[in-house]
Every structure is written in structure tokens, then in C-alpha cells.
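Notes follow once the structure below has been shown.
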Amino acid sequence: MASLKAYIATRVVLTVPMILILLTLVFFVMRVLPGNPVIAIVGMKASPKYIAELEHQLGLDKPLWQQYLDYLGKLIQGDLGTSMIWGRRPVIAEIMDHFPATLELTICSFIVSIIIGIATGMIAGVKKGGKVDFSMRVYSIVAYSLFIPWFGMMLQLIFGVWLNVLPVGGRIDPLLEPKHITGLYIIDSILTLNFKSLVNALEHLALPSLTLGIVLSGIYTRLVRSSLIEVFSQDFIRACRARGLKTSSILFRHGLKNALIPILTMMGLQFALLLAGAVLTETTFSWPGMGTFLMERIEYRDFTTVQGTIAFYALFVALVSLVVDLIYAYVDPRIRY
Amino acid sequence: QKPTPPPAPPTPKYADTITIGTTDKISDLDPAMAYDFFTWEVFNNVMEGPFKYKPGTTDLEKGIITDYQVQEGGKVYILKLRTDLKFADGSPCNANTLKWSIERVARINGDPAWFVTDLVDKVDVLDNYTLKITLKSPLSFFPAILAVPTYFPIPPDKYPADKVSSDNTAGGVGPYRIVKFVRDQQLVLEANPYYYGTPPKTKTVVIKFYKDATTLRLALESGEIDIAWKTLNPTDINSLKTKPGIKVWEGPGSFIRYIVFNTKIPPFDNKLVRQALAAALDRNSIAQKVFLGTVDPLYSLIPNGMWGHIDAFKDKYGEANLDLAKQLLRQAGYSESNKLKVELWYTPSHYGDTEADVAALIKEAWEKTGMVEVTVKSAEWSTYLDLTRKGQLAVTLYGWYPDYMDPDDYTFPFLHTGSNRWLGNPYSDPEMDKMLEQAEVEPDQSKRVDLYKNIQIKLADDAPIVPIFQGKLYVASKDTVGGIVLDPLMLLRYYLIYKQVGS
Amino acid sequence: MLKEIRSAGVDGLMIIIGLIIVISVTFMAVFSEYIAPYDPITPVGGAVEPPSSKFIMGTDSIGRDVFSRVVFGSRTIMFVVLLSTAMSMLIGIPLGILSGYAGGLLDRALSLVMDSIYAFPGLILAIAIAAMLGPGVYNTAVSLAVVYIPTYFRMVRGQVLSLREQLFVEAARAIGARGSRIMFKYIFPNLIYIIAVVFSLNVADAILTEAGLSFLGLSVVSPTPDWGFDLKNGQRYFLSGIWWPVVFPGVMIILLALGFGFLGEGLNAIMGREER
Amino acid sequence: MLKVEDLAVHYIGRKTVRALEEVSIEVKKGEIMGVVGESGSGKTTLGLSILKLLPPNGRIVNGRIYLDDLDITSMTEEKMREIRGKQISMVFQDPMTSLDPLMSIGDQITETITTHEKIPKREAEEKALSLLEAVGISGDRFKDFPHQLSGGMRQRVMIAMALSLNPKLIVADEPTTALDVIVQDQIMDLFRSLRERFGVAFMFISHDLSLELEVADRIAVMYGGWLMELSESNKIAEDPLSPYTKELLAAIPNIELEDQKLRFIPGNPPDLSNPPSGCRFHPRCPSKMDICSEKEPPISNIGGRVVRCWLYGG
Amino acid sequence: MLLSVYNLVKYFPVARSFIERLFGEKRYVKAVDGISFEIGKAEIFSLVGESGSGKTTTGKLILRLIEPTSGKIVFDGVDITHIRGEKLREMRRHMQVIYQDPYASLNPRMRVGDAIRDPLEVHGIARGEEAKSIVLEMLEKVGLTPPEDFYRAYPRSLSGGQRQRVAIARAMITKPKLVVADEPVSMIDVSLRASILDLMLKFRDEIGLSYLFITHDLAVAKYISDRIAIMYLGKIVEMGDKKEIFSNPLHPYTKALMSAIPVPIPGRRRERIKLSGEIPSPIDVPSGCRFHPRCPSKMDICSEKEPELLEVSKGHFIACHLLA
Ligand SMILES: Nc1ncnc2c1ncn2[C@@H]1O[C@H](COP(=O)(O)OP(=O)(O)OP(=O)(O)O)[C@@H](O)[C@H]1O
Ligand SMILES: Nc1ncnc2c1ncn2[C@@H]1O[C@H](COP(=O)(O)OP(=O)(O)OP(=O)(O)O)[C@@H](O)[C@H]1O
Ligand SMILES: [Mg+2]
Ligand SMILES: [Mg+2]
């Protein structure tokens, strides 16, 4: 257990340079190139004097390196600063307003993708080499190639317009918004036993998470398939058959379990893909999450918020991969950190 | 036999709640900071100032005042406030409150503070319900400015005295009060029980925020919202018009779009070049193709429908006048083999996703002369503004929403030396300056009309800025919705809107 | 090579389909002028005219021929993606070989930087960089290149690390070969195949990222024909039943990604088999 | 007890590999039947055919396999599943990869038992525990995972598992090739003692003729998918009939002999997708005759010994 | 003496995480733990032992493919323990290697001819046509005929035995003084082993080179070697002339090892010396004599004191308290 703690410590320590590298990249690129939040927000009409004043307020008149050091100094204390536009709210509050939406979307898409991915991957892996396998492989490539906005729009057209059974945008009907507890509407509405909200939230989630989920399921199809084939080619599966174990037991207890382990190790990186895909999904479905938020703040050059968001993304990705590693260590007896 | 009286028409029943969808967003729920249409629209429903516009017109009427006087040749304004003004929580509103609110704007010095700081010298309370505003110099259109939310009274105990309060829901003395605000998601208004005037027709108004026009439209069709307000796509408007159960309302807009030439950057310092490009411009094709007729071509900076407007550019150049353009270009020394090279800039999202098409059509129109070669470039809003201000962009596309309803707002900031620095456009002409300054203080309306006419003629001749089109307002609603009033102010007055239920 | 493909069954089929798609689109990109019936940036018809014999894919929002834009759009996306891929390969592969073979502090530092970028959601990073740099073919290529350098770096480094442990590399050391000779004569030839695989799969990904960027309005400047942007531009008409400005560029994006995807998958399977 | 009759197995592919042809072997109760041959001679294929565990491209194209008069060749997969483990079990070559790395060894043995016998889990676990001890692994390693054991111990676990349902026959495919001599010796001892205790028969596959000579009662010598010779092991050692067996014996270094001169067989083993005409060994055979390259030699029975060579037939 | 090895030690640090390395104590795999031996000119010296006893590590240390932790290696009168750069490269011309796995030791993307001629080019011995003719001659010599065909072939089209011949050709092309052969026949079919061993012997007679022959198979060692050393857990426990070792093994481990080897004569089973368990992990080496936990003739002293390698009769060394 002590070494597990050491492992976590190592991982956390290694996250720091990662965030630093990304932040530094973004910090300097953003500030060296033209545009700044003051100009973007005051619009066209403000006087130069007023702009200068605001720039001073935001510390944008200081030398770049000093701004950088100031920012890092605050960051070390866990302070992401305040947004530079629209109310100058704390960046962390802004992020927390949008993050639950993204989290809800990504988790649901993840579930969709993993269910479809495992099912198709298993079918392909078991029927290796045949027509079914080939079609599953084609499915995996096609699914991954489905350009998210395009695919999303097709689903909107089919389910939102032609069949008119599902909403094509937004997270929930505003009047049905559940009491804010976690910010995840599904959980909040369950906690408050508000089933109307739950149904509504799920309806809103359906198309976006299907879009993202199906696209990413292609990756899992591929991973599960090759991993399963790999496992099935191993001696111990043959040994299991030689002992006369039941087919289902070989497939699930021995085969799938072993096959999922390498997939688990890749899950951390897959999550990054999920987050990236979420940006396009959010834009297509007007989903009020981190992606749309980041796009907007980049346009307005809200330096602190953009930096904060990038740092947050990095931290989140690191956290997910840490959790994945811990689960990995838990399920695989060979790994003991 | 007495004829039986016709059965009395059943009294229409009105819905308690109306949901309005928009793609706009709220910036700051604080009049000292907010400087955008949609937030002002909300202010106009939850607050009220000394003046307001009569719905459906650009005529001013009294708001929270019972009377006012203009003194010292337009320099001093004495306002008499109503005595029955109350904020949404029941606390009273009087001259002191208004003074505090105006001074707070100056103190915070936010984006719209210039409405106060540039104009007002001082504010004095004469008695509990009388306020005296002294201007720095006479201003013929000050009542129009007093209709701006920056001059709306707010409760001092709810707003910090010298800090912006962005998510404040305290409101003012308007017909509604804010009961809930979740940024970028929803705003819920409820009739203000303390409002002095006629109570609103609908008790609860919910505003839902959408990311884009398509979802907005779908939300209306699916019944999620009753009214789809700013801003629907032209195609959607056209197709909604034919949809049963949906009604499309159309009204004049005061939003204008135009091309800005940086008169310092060669070859645009050459008037002939600017004139040639102005002549070649094909406004109809933009209005018809990109906007499907949902905007009107504009031939002056002062919009159609505002007093003083003349079609100055049309008179001078006509429309898509290639012969004239070619002739001017030749005069300027260009030819088919020595083409005029133009770098045309646009910003991709600030003016909606139609902008790329607008730029493409301008390019096409100009290149039709055979003597122009246009390179289209684009930059994100912040960069675009920054580069413009620094005077680095030669030809840019911009748009303008008025601050107040007066031709002054459509001319002075564009053409007056120094005032147009924000465009990076150093157009400066003493004669033009003189006319503009005169028009600002001239109290006589007919003289002002003449002045603005000359200004427009000169503008068309110099062509530092070339107007393209003027927006129209569209609202799509369920056909049970009534009471929507559209005017160039471009504000929706929620308190007039109702929705019938049953029949 | 050809023989291998022919003998590779369904994997060979995938490679062939992939090649057909990729080659057709490349052909389209190179000979756009001869294929497209109209100028892609000049309106030639009314706005949003449906497909007809005159405009086989209809016209777009301002009356340009969708088919011509689709044809010329292939040039834009192929150019951006191949340019960015060339950049990332040119930087990623040598760095990967160096890092993997030399090891030590350099390796640790490089790996840290590369892993940081790699672990971060690629599209989001590309968005950040592309938005800062502003639109344009070269800027987009640069932002894509930054995102994909680590892919090549990591793959090459990993391969080099495992190759370095291979007996035949140790054998080369044992005969007294120098580092450079080992890298070029022993290690590099063993990388080529996997680079081909990663190239294909990566290009497929880069196509989708490029399309994503231009969908978000961060790629090339309109009116340059660009599938992702045209798709976005058509979106505002889409739900009114005007499907052609959206469907065709979208199908092309998918098709091209699919082409490279098939190619990569097929090569990968063949390679896997060869290794066994 | 086990009777393999005229078995032929092919691997179907672009080139069909004729991995086994005309192989007949009988294994008697409690006997250790050795199968020896070089790499690629079809030993594993033979072992797998008996359990019907051939890879998907492997086909039994001819012949029958009987287990106590029960025809295995025509049995359904479901029936076969019941035979496996219960009647015949198998121990594989590589103990490092033959156990599920994610399941403790105790659970793996228990699972084998509960799959075939309707007994409560507790009872099965007790049985598993006693089996572990029977193969020489202390009971407190019951909950260990495979990676915590050494190669020899894992092979013992595999054997325990093979024994768990008291099968009649254990097919052991090179069970000690991956192990050191000392461990190999221990495992061999284990086999012998198990045969004594449980009366189980072994089909013991190995490429090591010295080892076979030491342990097996009878030995089948395979070459290129053919059964070249089959007889008691002392006869093989003292008086080999087939030239191949002779050559093989001469190629094994014998530690007992002083200054032995080793022989080798020139040439390479046959390519089974394109085997030589006639006798499969003829290109390397020192006593080759003309007929050897022309016609396949018949299988002759000489005093209860089976041999396939033109020297004894025709 | 062509090669002398003094007290050679190789400890591999156990890979651990960053933080553990910061705070924890270091742990090592003691792969080779102080061995000394000598190989004379044209002598074949065999290292025999169970898996994990450190045979391969010893070979790599001598080849200078890994750095020794301590000890000294003298080759041809030169201390090569710490040479590097050009000197090391020059030395490699005279010391070559043949690996166990003929499949992994050849570059799959290099033609056989190129693989064999590479040492010639690396050491500037010959190039171009000259190099080619040397290679062709060598191919002929190792029995890969017709040489032209094999010159152009890729390793994947060759059988295991043929590949091992390529490996031998490659090792012999520079006419080295010493070849380290790490289990060269253990992956080769029985019927072909003798041909490879004979080939190696032929080269010894022709160029007069020495072999360090690593094997786990005593019978093979007996066939080929002049002298033999038995390794156990990183130590040499017994060393001497082949005849001496086989006729008069003294160390209990050697005896056990020999008795475990199957004899190809049915019924003639040698008397077994039974060892319990398996070779322990080289990370936690038993105290005293590292063989004592498995030793049938264990004494009290064995778990306390480590026995030294002593010469009991001329050229016969043994490390055991029984004989001290
Ligand atoms: N799945 C397969 N597909 C095609 N050919 C195969 C397959 N499995 C085995 N073979 C071929 O069948 C022949 C017999 O193989 P088998 O594994 O039975 O030999 P073996 O005697 O067990 O050899 P080894 O000593 O190497 O284990 C060989 O030539 C082998 O290459
Ligand atoms: N690079 C290394 N890092 C850590 N440990 C190593 C390394 N190389 C070898 N070892 C360990 O050193 C010990 C001796 O290994 P070595 O390969 O020398 O044994 P060997 O006698 O050649 O065995 P085998 O017969 O299995 O080849 C083993 O426990 C091995 O795990
Ligand atoms: Mg086998
Ligand atoms: Mg070794």
C-alpha cells in the first residue's frame, strides 16, 4: 500500500510539468499574437484611454515575463485567477458552470461507446477471419471516420425533424432544470426524485451522446477485437478448453477479462479523445459545455480563462489516467505499484 | 320576437408563462457595465428610465418622470420624477436614487460610462423628486440618451457602489422583476407587483439561451419556446413563414453593415479607388443571396426610416455600376492588366456565420470589373479589432448598432476627426467635422435635416465608408402569441406580449 | 508489396479500397481545374439551388457550384493535411529515433514534453493554436503538426526502444558497428513499415481534425473551398431541407478519412501477420 | 483404451499442410506412451487431435479416434467438452503462459472441478487443495496468482488441474521443454508416481529421445507427419528398425560415453505443404533405395513392432 | 592465456518507481557475483548452469555489451574492462558472438550477404567486390551452397539451422580470437545439432580460435569442451577439465545436475541425487553457500560462511565446505 501511495505521488508530481508545458505554450502564443480581452470586450466604441485603463487593471501592461511569473505564482496557490471579461468571475467558477455539462456528455458517450465497442469487438474477435469479422472491422473504421458534426446533423435531421422524437439541442428544458447539487442533471434529478427532469435530461442527452459514442465506439471495436484475438491466441485459453470449461466461461471469465486489461490501460488516452470529440459535439448540439465555452473565450482572448481551461483539461486528463491506472492495478494481480 | 343576442365572444384566456428563445447572451446585469442590445432589452423590461420610446415608433415619451424642462440653451435638464416609484422589493425610488445610479455609472467607469462622463457635468438633487442634470455642452438629443439603460435607477442597497455586479437580479422599477438567472441557460422574469404602470399581460417570462440559430428554430417548432427572437437564419425565417401554427413578425431594424476603407493605406487614400469600389458593390445580390431578402440594401450610413436619411450612394453611383467603376479605376491608373489589389478582411463569427458569404460576394462584385483582384482574409474578433485599431487593415467589414435613436449616432462616430479612431480609419475632413458639430447642437429639427443631408452627400463623395445593408427584425412565434411590437429600437417589450390559450 | 497485398485476403481488399479512395481524391486535388465544371469561388447560379443536371450537387448559399467546391476542397484538405503530416514526420521521427537510441536526460525531457502534448485532447490543442495563429493554410498546418508530432515521436521512440533491445541490434554492437550505422542500417529499415501504418492512420485522424477546425471556422479563409467550412456554412440551411451543401462535403470528409483508415488498417493487419 | 486409427490431419490454408498422415497409435491403461520426433513432425497436432482442440484451420481428413470404443472423431463439441478434463486432459509445453494470469491458481483448479462435477464450491476447493499438495505445492499458495510461481511450480499446477477429474489419459505435450534438467527430473518423478497412485495413462510427447527412453513404456517415433516406428522403448534403444530412429539415436550425445563421435542427419526436415515423393525421409536417409523416392512405404508389423520403411516392407 | 576474468561482478538494479528510488533502499539482481576463470588459446571453455544462473550475463560482460559492476577482464594481454570508443571497436574485431536464437539475432530487413559482410566493412577489412568474394567463400565454408543464392536471401526464407550457420559465418568473417557462443544449439533440431557443433570445431582447428561456450546441456558441453565450469546463482561452483569433471564430480550441485540428465538407455537409470525446489531468486541470495537450501549434504557452516573456489587437484576447482 505504501508503494501505491508512492505511485500516486509520482503520477501527481509528473502532472506538474505537463500542465506547465501546456500552459507556457498557450500563455506565450496567446499573448504574443494580436488581440486581447479588453479590445474584444469593450467593442469598437470605447476610447483608447478607457482601454488603457482596463489593460492596466488586468495587468496586461506589465512585461510579459512578469505576467507569466505572476500567473504562475497564483497558480501555485491554486488560484486560477479571474476571467478578464463579462463580469470577471473567478475562472474556476466559470469552469464549474460548464464542466458538469461536458462531464455528463462524456460519461454518457463513454458508456455508449464502450457498450457498442465491446459488443462489436467481441463479435469480431470471436468470429475472427469471417464475414462478420470483416464487417465489424469495417464498422470500426467507418464509425471512427464519421465526421462528428456531419453525423450529428444527420441524427438531428432524422430524430429531431423527420421523426420529431428527440430534442436537437440544449441540455434540458429550462423550467425542468433540477436543483443544483452536482451539476449533472441526471444525478441531480435522481437525487431530488424529479423524474420529469430526468426524462427530459436523458432526452436531451440522447443524440449528442449517441453521436460521440458511436464515433468513438469504432476505436473500442478495434481494440477489443485485436485484444481478444491476442488473448485467444494465448496458450491458457487453449488450456481452458482442454479442461472442458464452458464456452461462456472461457469467453467472459477468461477471455474478455484478460482482453479488457490492455484496453483499460489505454482508457486514459481515449478519454482525451472523448474530450476532443466533445468540442465538436457540443458545437453541433448547442451543448453548453467546456468546448463551446473555450471556443468563445478564445475568440475573446480571455487569457486567464483560456489558460485556466487548458490547465483544467490537462489536470482532468491526468486525473482520469491516474484513476485508470489504479483500477488497472486493482484488477491485474501482476501489477503492484 | 326579440332577436337573441349573439353569444358573447368568450373572453380570451392568456397564458401565465411565455418562453422566449434567443441566441444572444447577457453580458452583465448591471447598467453600469452592460453595453449590448440584449442586456439592454432585459433592462428595458425590468427597469425604466426618465424617457422611453413609444412602442412601434422612434418617438420618445416620458418614463419615470412626470415632467421635464430644458434650460440654458439645452445645457441643463430638470427632471420631475413620479412619486409612486418602487423597486421590485418594494423599496422606494426617488431623485437621490437616480442621482446615485447615474454617479455610480461614472464612478465604475465601465463600458457605457461615456454616456455620462462625456456628457454630464454634474447631477444635483433639487428635492426628493426633482433632479437637475447639467451637461458639459448643449446636446440636442439628450432625451434620447436619457432613454439609455445607463440612466436607469437601481436600488442602492442591492448594487455595490463602486463595483460591477454582473449577475445581479435586483432589477429596477420596470414592469418585471428577475426571479432566476442561470448564465447562458435561462432567465426567468415575473411581473413586478410594485410597478407603477399597467401590469404586464403575461405573468412569467422565461428566456432560454441557445447557441445557434438552427437550434433556436427547432426549439420553436418543437414547442419548447413560444417565441424565437434574435437571431434566426434567413432560410429559417423564410421556411417558418409557411409553417402552420407559426407566425413570423417583421419590423424595421436599425442595425447597419458597411465597408470601411483605411484612408491612410494606399491605394485607399485615393478617393477614386474608393469611389470605384463603392460603385461596383452589388448590395442586392448580398441581400438576396446571403440573406434571402431579410435585409435591405442601404445607401447611407443613416438607416432607412430614420429622419434625415437619403439614398446618397444610390444617387451618386447607382447599384453595381460596373461602367462607372471601370471608368474610375482607369482614372486611378488601373487596368485589366494592372489590377487593383485589395485585401478584404472579415471576422468569421461576430456578425454571424453569414459573414464569409458576404465577403465572398463583395469580392465577386469587385472582381467583376475585371480590374480588381481581391484577397479575402479573416481574423477572430479580438484580433480583428486589435489590428483594425492599429490601422493595419486596409478594407474591413463592420456593423453598427445604435446607442440612441438619432442620426448623430450614425454619423459622428464614423466621420468626425478623432471620433472614428476605433475604426483605424483616419478619415478627417474639416468641412465634414464642422457640419457634424453643428448638427449636434442645432436645436432646430429642419436645420438638422438639411445638415445631415449634406453630410450624407459628402460621405458618398468621399466614400471612406460604404454602406452595404440594413437589418430587418424578425420574430417567429406560435400563432397564438400576440402583442409583439417591433421598431428600430430592436427591443422586445415582454410586457406587451401575450399568448392565448383555449378559445 | 503487390504480391503481399494480393495474398492478404480481406486485408488486401481494405488496402485496395483505401488506395482507390486516396488516389481518386489525390487525382481530384491535382486536376481540380479539369474536373470542376465551374469556378469554385464565383456564384454561378441562384442561392441553394437543388441538384440538377446543371449543378449535379446543387449550389450553395450564394450560388456557387457545390460540386466544384467539393472538387477544389480536396485540394485544400489534402494540402493542409499532407503539409502538416510532413512537418510532424520531419520533426517527430528524427527526434524519436534520437531520443529512443540516445536515452538519458535528453530522452526524458523530450518524452515529457511529447507526452504532455500527446495526452492532451488533440483537437482542443489544435483549436487553441489555430485560433491564436489565425486562419490560413500554413497556420492550420502548423497547428495540426504540433498536435501530431508526438504521435510520430512516441511511436518511433517506442519502436526504437524495443528494437534496441533486439538481439540483432546487440549483435550489430557486438561486431563493433557505430551508433549511426546501427541507427541507419539496422534500426531504421525496421521502422519504415510501421511508419507507413502510423502515417495512414494518422492522416485519417488529421483529416478529421482539419475538418473539425474548419468546421469551427479556424482553418482556411473563406471563400477558399474547404469541406469542413462548407459543411458549417451549409448548416444554417440544413434543417430547412436544404441538404446538399452539407451532405456532399461531409461525405467527402468521411470518405477520405475512410480511405486512409482502410489503408492503415490493412497495412497494420498485414504487418501484424508478418511479425508473427 | 485410446485407439487412433489411420489418422490424417491437414491444415487448410493457401498451402495445405499435411501435418499427420496414416498415424495409428494405441494407448493402454496406465501406460506411458512416448511420442518423439523433431520439430514440425506433428507431435502437437496428434495431441490436439485427440482432444479435438485443433486450431480452426486444422481438419481431421481421415481416420478415427476411439476412447473406450467411443468414437471421438464424430462427437459434437458439447459432448467433447465433457470428455475434456474428465476423460482426457492435457498439459502443455509452456507453463508460463498456460494459466490465466488474472485468476488465482486455486480458483482455476476449483473452476475445472465445478464445471464437471455437481459438488458444492467448498468441497471442490478442498479437493483442489489436496490436489495441489499431491503435486508438491503447499496449500498456502492456493490464493497465489500464476506470476507468483516459478515455472516448475506452474507446471505442477497444470498437472494438478489435469488430474483434478481423475481422467483416464493425460496428454502431456513437451511438459518439461521449458524447464531445467533438475526440475524436469522432478516432474518426471511426479508422472511416475501419479501413474502408480491413480493408474492414469500418459501420452508423453517430447523431442528428447533420451528422456523418452528413460520414462516411456512404448515409443512412437514421428517424422514429417508420419509414424516411422512404434515399439517398446528398450527395443527402440537396442535394436531400432527404422533408419531414422537409428540416425536419431546416433545424434544424441550420451553423457555416459567417453569421446563419443556424434552423427548428424544431413539435410533439412521436410516441408509438409510440399513433402518429398515416396518416403518422407528418403532425402536424408543413409539406406535409401530407388523405390524410396517413388512409392510411399507401407506400414509393416514386425513381431508386434510397427515400422514404416521399404527395408521391411514390400 | 587468451582471456582472464578476475572476480567479475554484475548487479542489475531492480527497476522501481521514481519516488521509491528517491527514498527506498536499492535492490539488485545479483546476476554474476564474483567469478574468475581463464581461457587459453584454441581452447573451448564451457559455462554450464540452470536458467538464471548468470551464464548469458557473463558472456555479455566479456563482450563488453554491458558494463561490469566490478572485476577485471583481460583479453589478449590487454585490460579491456574499461576501454571504450575506438579501442573497444577495434577489440570487437577479435571477439565475436553467436546467439541462441537464430531467428532474433539477424536483422530481418538485411540480406544474408549484407549481414555477413557488415563486420568486414565496419572494421575496414574489405569492401566492394573483395568483400563479396570473402563472404561467398565463407558461405561455402559453412555449407550454405550455392553461396550466390544464399547471399541474396533474406533470413526469413532460411531454416533455423541455416540461420545459425549464417550467424557462425558472420562471427568468423573477421577471423576472431575468441567467440562467445551463447547456447548456439539449444534451438536447433536434435538431428542437426551435431552439424553445428562440428562446424564450430572445424573453425577452431582452422583459425585456432577459442570459444566461451555457454550451455545448460551437460551432454553438449561434454561433447564440445576442453574445460567446463558449473555456475549456480551467479557463482562458479566447480571448474575443471572435462574429463575430470565428468569422471570425478565433487560438488553436490554438479552431481545432482549430472544425475538428472536422462540417459538414452531404458532401465539404466543412474542413481539420483535429489534436489528440492528450484533455483532461488538472484535478488535475495541465500546466506553462506548459496546452494545450501537445496543441498542434500548441507552442514551448519553452509548457511553461515560462503565457501571459496579452491583447487582440489590440478586444474580442478570447487567451492564447497565438504572439501575444505
Ligand atoms: N495452425 C496451423 N496452420 C498451418 N500449419 C500448421 C499449424 N499448426 C502447425 N502447423 C504445421 O504442422 C506441422 C506439424 O506441427 P506440430 O506443431 O504438430 O509439430 P510438433 O511436432 O509439435 O513440433 P514442435 O516440436 O515444434 O512443437 C508443422 O509443419 C507446422 O508448421
Ligand atoms: N538487463 C537485466 N536487468 C535485470 N536483470 C537481469 C538483466 N539481465 C539478466 N538479468 C537477471 O540476471 C540473472 C541472470 O541472467 P542470465 O540471463 O545471465 O542467466 P542465464 O544463466 O543465461 O539463464 P538462461 O539459461 O535462462 O539463459 C537472471 O535472474 C536475470 O533475470
Ligand atoms: Mg509441438
Ligand atoms: Mg542465457
Side-chain angles (χ1 to χ4, degrees), chain D residues 36-41 136 149-153 178-186 188-189 206-217 219 223 232-238 244 247-269 271 284, chain E residues 48-53 143 158-162 185-199 201 215-224 232 242-243 246-247 253 256-270 272-281 294:
Chain D
V36 74
E38 288 177 82
S39 182
S41 57
L149 308 179
S150 71
M153 286 160 100
L179 305 173
D180 284 319
V181 264
I182 294 179
V183 185
Q184 166 175 301
D185 196 40
Q186 295 166 349
M188 288 304 110
D189 280 348
S206 172
H207 66 268
D208 188 345
L209 185 52
S210 1
L211 185 61
E212 293 284 16
L213 289 171
E214 207 184 272
V215 254
D217 302 320
I219 294 177
Y223 183 82
E232 280 77 46
S233 35
N234 53 354
K235 299 228 173 94
I236 294 260
E238 284 152 21
Y244 175 64
E247 289 296 308
L248 204 55
L249 273 167
I252 312 171
N254 186 340
I255 194 166
E256 301 278 284
L257 302 177
E258 292 288 317
D259 287 326
Q260 177 196 21
K261 187 71 197 144
L262 276 192
R263 302 255 312 257
F264 61 88
I265 312 177
N268 286 306
D271 173 6
R284 304 173 75 189
Chain E
V48 184
E50 282 178 280
S51 183
S53 55
L158 269 53
S159 73
Q162 288 170 332
V185 293
S186 63
M187 287 179 75
I188 308 284
D189 272 344
V190 197
S191 66
L192 298 171
R193 275 188 194 171
S195 68
I196 300 289
L197 295 175
D198 288 351
L199 187 61
L201 286 169
T215 182
H216 65 266
D217 187 343
L218 263 175
V220 168
K222 182 167 182 230
Y223 180 70
I224 197 162
Y232 185 79
K242 169 172 76 177
K243 286 210 175 82
F246 280 92
S247 57
Y253 178 64
L257 209 52
M258 276 189 207
S259 73
I261 296 171
V263 188
I265 304 167
R268 244 214 75 185
R269 291 192 54 215
R270 252 166 298 125
R272 286 297 202 270
I273 295 165
K274 295 283 172 205
L275 292 188
S276 56
E278 290 168 43
I279 195 165
S281 148
R294 297 171 74 191

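A, B, ... follow the sequence lines: proteins, then strands. Residue 1 opens every chain. Since we're looking at a predicted model, the values are computed, not measured.
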Hey, what do you get for CD1 (I224(E)) to OG1 (T215(E)), rounding to the nearest 0.5 Å?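 Going from the CD1 atom of I224(E) to the OG1 atom of T215(E) covers 9.5 Å.
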Student check: side-chain heavy atoms of K222(E) and I261(E) closer than 4.5 Å: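 When only atoms from C-beta onward are counted, I261(E) and K222(E) do not touch, as no gap falls below 4.5 Å.
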Residue pair L197(E) / F264(D), side-chain heavy-atom distance below 4.5 Å: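 The answer is no, as the side chains (C-beta and beyond) never meet within the 4.5 Å cut-off.
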By a 4.5 Å heavy-atom criterion (distance strictly below it), what part of [X] contacts chain D: side chain, backbone, both, or neither?
| X | answer |
| --- | --- |
| D198(E) | side chain |
| E278(E) | side chain |
| S159(E) | side chain |

Locate the shortest heavy-atom distance separating A221(E) from V48(E); write the atom from each residue and the value.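 For A221(E) versus V48(E), the nearest heavy atoms are CB-CG2, 3.7 Å.
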Has R294(E) got a side-chain atom pairing as donor or acceptor with L275(E)'s backbone, closer than 3.5 angstrom?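 No, because the side chain of R294(E) does not come within donor-acceptor range (under 3.5 Å) of the backbone of L275(E).
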Under 3.5 Å: donor-acceptor pair, side chain of S233(D), backbone of D217(D):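 Between the backbone of D217(D) and the side chain of S233(D) there is a qualifying donor-acceptor contact (under 3.5 Å).
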Proximity breakdown for [X] and chain E, heavy-atom pairs closer than 4.5 Å:
| X | answer |
| --- | --- |
| M153(D) | both |
| I182(D) | both |
| N234(D) | both |

What residue, out of G152(D), A216(D), P266(D), P269(D), has the most heavy-atom pairs lying under 4.5 Å from chain E?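 Of G152(D), A216(D), P266(D), P269(D), G152(D) has the most heavy-atom pairs under 4.5 Å with chain E.
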When only pairs under 4.5 Å are counted, which of Q186(D), H207(D), Q184(D) shares the most heavy-atom pairs with chain E?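 Answer, by heavy-atom pair count under 4.5 Å with chain E: Q186(D).
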